[in-house]
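See structure below.
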Amino acid sequence: MNNRRAAFMISAADVTGCPQPRLPEYAFFGRSNVGKSSLINMITGVKNLARTSATPGKTQLLNYYMVDEDTWYLVDLPGYGYAKVSKKSRRNWEKIIREYLLQRQSLVYTFILVDTRHEPQNSDLELINWMGEQGLPFCLVFTKADKISRNAVRHNVDEYKKKLEEKWEELPPIFITSSHSGEGKNEINSFIAISNTENAHLIQQKPQKD
Ligand code: GTP
Ligand code: MG
């Protein structure tokens with residue numbers, strides 16, 4: 001799939017600061033350093049679109065990107081589980097994200113990212129279970145698949161599925177990705193393209209300026 005046109009649009013401090021909900025929107029969420037910003041750059045094919053860093057906790061606001069010339073929004077959310085954030089500040093942005101996920105009408109899917117190398121972490125499972133309980137549509141994305149062998153990837157993904165099947169009858173859509181090799185790029189882009197067609201009713205014209 002060709003690279004897309006994508007550009008940074010706005011950083012919102014909370015749901016009230018988000019743009020008018022006039023396009024289908026996809027959020028990327030997961031632990032700090034899991035590879036959210038790298039994945040956004042990978043799927044759009046725009047290098048350095050989202051800021052990536054080896055230092056966890058880099059992404060601190062709801063960062064909006066406009067993709068394919070006014071067709072859909074992509075949102076890079078701040079990572080969770082960053083040890084250096086104070087408890088008070090953590091609770092505050094947890095509230096911000098919860099409100100965003102619950103209230104944003106045009107949010108079509110949230111992509112929840114987990115590191116392929118690790119077994120299911122409690123904070124990830126809490127999020128996944130909470131999304132399920134709230135009935136919020138999400139996909140599960142395994143990141144950094146290039147860092148371990150194919151067998152280990154398969155094993156870890158299967159273990160993850162088993163863990164989810166203990167609680168849920170249905171599994172979410174699952175993508176295995178590597179921002180380094182480009183694995184999963186076409187699959188995620190195709191998924192979003194189909195979803196955009198299904199959600200075309202969300203698209204509203206830009207308000208005309210006087
Ligand atoms: P925060 O914004 O701090 O929450 O981090 P993030 O989830 O946006 O992670 P980011 O994309 O900044 O990546 C964190 C680190 O992991 C960087 O050093 C990336 O180069 C590295 N990384 C991300 N994705 C991959 C991948 O698929 N493979 C490998 N090998 N490294 C990756
Ligand atoms: Mg980031």
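Every number for a ligand or one of its atoms is a count from 1 in the order of the listing. Not measured: the values here are computed from a predicted model.
W168 is not connected to V157 by any chain of hydrophobic side-chain contacts under 4.5 Å among Ile, Leu, Val, Met, Phe, Trp and Tyr, and they are in different clusters.
By the criterion of a heavy-atom distance under 4.0 Å, the side chain of D146, and not its backbone, is placed next to ligand 1.
A donor-acceptor pair shorter than 3.5 Å can be found between the side chains of D14 and T16. Side-chain contact check for Y64 and E25: at least one donor-acceptor pair (N or O, by modelled atom type) lies under 3.5 Å. Checking S37 against D76 by side-chain atom types alone, a donor-acceptor pair falls below 3.5 Å. Counted by atom type alone, Y26 and S195 present one or more donor-acceptor pairs between their side chains at under 3.5 Å.
Residue contact annotation: T143 has no non-hydrogen atom under 4.0 Å from ligand 1.
Nearest residue to atom 24 (N) of ligand 1 from P78, S38, S37 is S38 (criterion: closest heavy atom).
Within the listing of ligand 1, atoms 6 (P), 7 (O), 9 (O), 10 (P), 11 (O), 13 (O), 23 (C) sit less than 4.0 angstrom from a heavy atom of G35. The atoms of ligand 1 that sit less than 4.0 Å from any heavy atom of S178 are 27 (O). Within ligand 1, the atoms closer than 4.0 Å to a non-hydrogen atom of G79 are 4 (O), numbered from 1 in the order shown. Taking a cut-off of under 4.0 Å to the non-hydrogen atoms of K147, the atoms of ligand 1 that pass are 29 (C), 30 (N), 31 (N).
In summary, S37 places an N/O/S atom under 2.8 Å from the Mg ion (ligand 2), meeting the contact criterion.
Taking the charged nitrogens against the carboxylate oxygens, E183 and R150 do have a contact shorter than 4.0 Å, which makes a salt bridge.
Residues passing the ring pair (Phe, Tyr, Trp, His ring centres under 6.0 Å) test with Y65 are F8, sequence neighbours excluded. Residues satisfying the side-chain hydrogen bond (donor to acceptor under 3.5 Å, both in side chains) test with K162, not counting sequence neighbours, are E159.
The N/O atoms of L39, backbone and side chain alike, include none that comes under 3.5 Å of an N/O atom in ligand 1. Between T177 and ligand 1, no pair of N/O atoms sits closer than 3.5 Å. Remark: ligand 1 and S179 share an N or O pair separated by less than 3.5 Å (distance only, no angle test).
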